[in-house]
Amino acid sequence: MNQPFFTASLLHGGDYNPEQWLDQPDILEKDIEYFKKASINTVTLGVFSWAVLEPEEGRYEFQWLETILSRLYKNGISTILATPSGARPKWLADKYPEVLRMDEKRRRALFGGRHNHCFTSPVYREKVKAVNTELARRLGPHPDVILWHISNEYSGECHCPLCQEQFRQWLKKKYQTVSRLNACWCTTFWSHKYQSFDQIESPSSLGEHELHALSLDWKRFITDQTLDFMRWEIDALRAVGSQKPVTTNFMYDFTGLNYYKFRQDLAVVSWDNYPAWHKKAEIETALDCGFQHDLMRSIQGRPFLLMESCPSAANWPPVSKLKKPGMLALSSLQAVAHGSDSVLYFQLRQSRGASEKFHGAVIDHYGGEDTRVFQEVCALGRTLTMLQETAGSSLKKEAALICDIESRWAMEAAQGPRNEKLPYKEVVQGFYNAVRSFGIHTDIIDMEASLDGYRLLIAPMQYLFRCRIQDRLAEFVKQGGTLIMTFWSGIVDEYDRCYLGSSPNGLVPVLGLRFAEIDSLYDHEKNSLVPSSQTGPEAAPPFIRSYSCHSLCELVRLTDAKPLLVYGDDFYAGQPAVTWNSYGLGEAYYVCAAPEPDFYQDLISGIVPRLFPDRPVPVVPHGVEVTLRENEKGQYLFLQNFNRTETAIEIDWPFDACLCGSLCEKDSKKVIKPFDTVVLKKGKERADG
């Protein structure tokens, strides 16, 4: 396991590709001048530099990189140094075609793009090892290389013969015998039993693609093979003595890999954030971003790095929308509020050509310092300087959402009860938005995570149970925790085999009900959730209105649970739709359908004030985010206004200083300016008191 990476100051900077400008040294000199004006203290070098570092096989040209790294160091700018495996040079693909991937139809790719390489290929591994070794030997000891950036946005899969054989070996290690594999995969159905591991192929639209356990294990294999390749890269650095910490950059809502599996191998998690600001209400986009920030923080339970963000408009979405004035700072500081110890951009200087020539940058093609974007970056740099003491601070455990990627993989491939528009992300985000509207920290965890320290756990649509999560959830509630679970949970085991008997498996006594049926609604259909005629328990939220629901409606049979809402329509009108149950010292809620957004808010409004009575902002105004970081120096309350108008706010939190932004007085009320961030500090003595 790598030692955690903690920085003493917030990192500000980003991806820099000076190899594009080696024939124009005046540009490189000017860049450093601009970096200093913008308070940029960190750059990432070498992400896509392989063709320049090794223009011919075995011939390395590192002098340009050494020169630039040293020049940055002399000017007080640290370097995150990347291994270049994210995009391989042409000579490598031409000489060794096995390094190019095969798709699921077994077609070999042509050279081009990024991440078009086979992680299993011995040739590719040896070539990556060679260039990584030279990098580590030549530049690893440099005093201001603070972190290794391993490759870039690992993704994709390969179905070549090498990968097929590796997959079979992976299956042999997991199942030991083919008879056990057949039993776990339920291959008797459709008469698809295997006689040996050698018969197994990866899923393909040309062949086997409806054996769900095969598809699930293939996705697990892809994660393990990618992780193994990353370890191969790291081992090459370590073999020549480089012990610098390592990271690799993750992506938004990426379902191609199980990112939680990487937690032990990275010194720090980092990720790339490119939201579509101003497409809808800013607070909606902010909550979507906040969810991803919290997921990245939760992978290791400590600060993360925002490795890439765009200072202006990204070029690859359908619409390249500019950030409105103030949005750069607001969105960047949101990452800091949620636990990031950096604000880093792609890119520092805009590329002159190729695919990202119109992607936003700190320095654009004009090359001057009098642009709006550059001036906003400079202002943000000054703000980050004022917030340096927040680096390394953490967020207290309060609530958690269980969002297990293996369960999502299985559910989305399950062929029923809804094969299009499964509302998983909508339901997850609905709960998250409601909890965050109270300023409650919300970790995003998988089924392997510890549940200790949380008061509220939400487990939406946890179709697949693994790691005995049902036992740990039962114990959590028994010891006094509050659990919210939803429809389509606890249906299958880790092999995607349906549980026999009652479900959600192992939680029937905890929830006080069992699954009976599930109705999938057409897109034009809706049902309603109406208050139950039965008197609800005193501890449960008192619902006084009805709500619409859509997509999926689960029918349950109650054992001990009390109905809070019932269905209003169809043949199951009057049957339980939202329930409450007491179990041990705790309580468990069950939501049987996908509801309208207001439902989440009303449910959480009846739970959070009771569980978390001492909140810095008792009533968080709509459009405002409240987050609290803390360290040995004190506590830091981030108040962020994502509204386009000034917003009044009442704070029940005595503080010692305002580190940035300002709370203005208007009509005897404190207000936050539109798109502004206010950071208040409470010193350690007052915080402990």
Report summary line: Sorted by chain and number, sequence neighbours left out, side chain to side chain donor-acceptor pair (under 3.5 Å) with Tyr567 holds for none

Query - Pairing residues for Tyr259 by the side chain to side chain donor-acceptor pair (under 3.5 Å) criterion, not counting sequence neighbours - result: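 For Tyr259, no residue satisfies side chain to side chain donor-acceptor pair (under 3.5 Å) once neighbours in sequence are set aside.
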
Query raised in the report: Among Phe487, Trp488, Tyr499, whose ring pair (Phe, Tyr, Trp, His ring centres under 6.0 Å) with Tyr463 holds?
Result: Trp488

Query raised in the report: So which of Phe291, Phe438, Tyr600 actually passes ring pair (Phe, Tyr, Trp, His ring centres under 6.0 Å) with Tyr432?
Result: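 Result: among Phe291, Phe438, Tyr600, Phe291 is the only option passing the ring pair (Phe, Tyr, Trp, His ring centres under 6.0 Å) with Tyr432.
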
Query - Qualifying residues under side-chain contact (heavy atoms from CB on, under 4.5 Å), relative to Cys186, sequence neighbours excluded - result: Arg497

Decide whether [X] and [Y] meet the rule of one side-chain donor and one side-chain acceptor closer than 3.5 Å.
X: Ser309; Y: Asn273; value: no
X: Ser407; Y: Arg466; value: no
X: Glu157; Y: Trp218; value: yes

Check: [X] side chain, [Y] main-chain N or O, donor-acceptor pair, under 3.5 Å:
X: Asp217; Y: Leu214; answer: no
X: Ser503; Y: Phe515; answer: no
X: Glu104; Y: Ser205; answer: yes
X: Ser528; Y: Val530; answer: no
X: Asp446; Y: Ile405; answer: no
X: Arg472; Y: Ala449; answer: yes
X: Asp404; Y: Met447; answer: yes
X: His278; Y: Ala276; answer: no

Requested in this report: Specify whether His293 and Phe304 have parallel, tilted or perpendicular ring planes, treating 30° as the upper limit for parallel and 60° as the lower limit for perpendicular.
Outcome: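 Parallel, since the angle between the ring planes stays under 30°.
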
Query raised in the report: So Phe543 and Tyr547, would you call those rings parallel, tilted or perpendicular, with 30° and 60° as cut-offs?
Result: perpendicular

Query - Salt-bridge present (Glu587, Arg610; N to O < 4.0 Å) - result: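 Salt bridge present between Glu587 and Arg610.
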
Query raised in the report: Is the shortest distance from a Lys or Arg side-chain nitrogen in Asp523 or Arg418 to a carboxylate oxygen in the other one below 4.0 Å?
Result: yes

Requested in this report: Any chance you could measure Lys397, atom NZ, to Asp452, atom CG, to the nearest 0.5 Å?
Outcome: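 Reported value, rounded in 0.5 Å steps: 6.0 Å.
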
Query raised in the report: Could you state the interatomic distance from CH2 (Trp277) to OG1 (Thr285), rounded to the nearest 0.5 Å?
Result: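 Answer for the CH2-OG1 pair, Trp277 versus Thr285, is 5.5 Å.
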
Requested in this report: Measure centre to centre between the rings of Phe250 and Phe262, then say whether the value is under 6.0 Å.
Outcome: yes

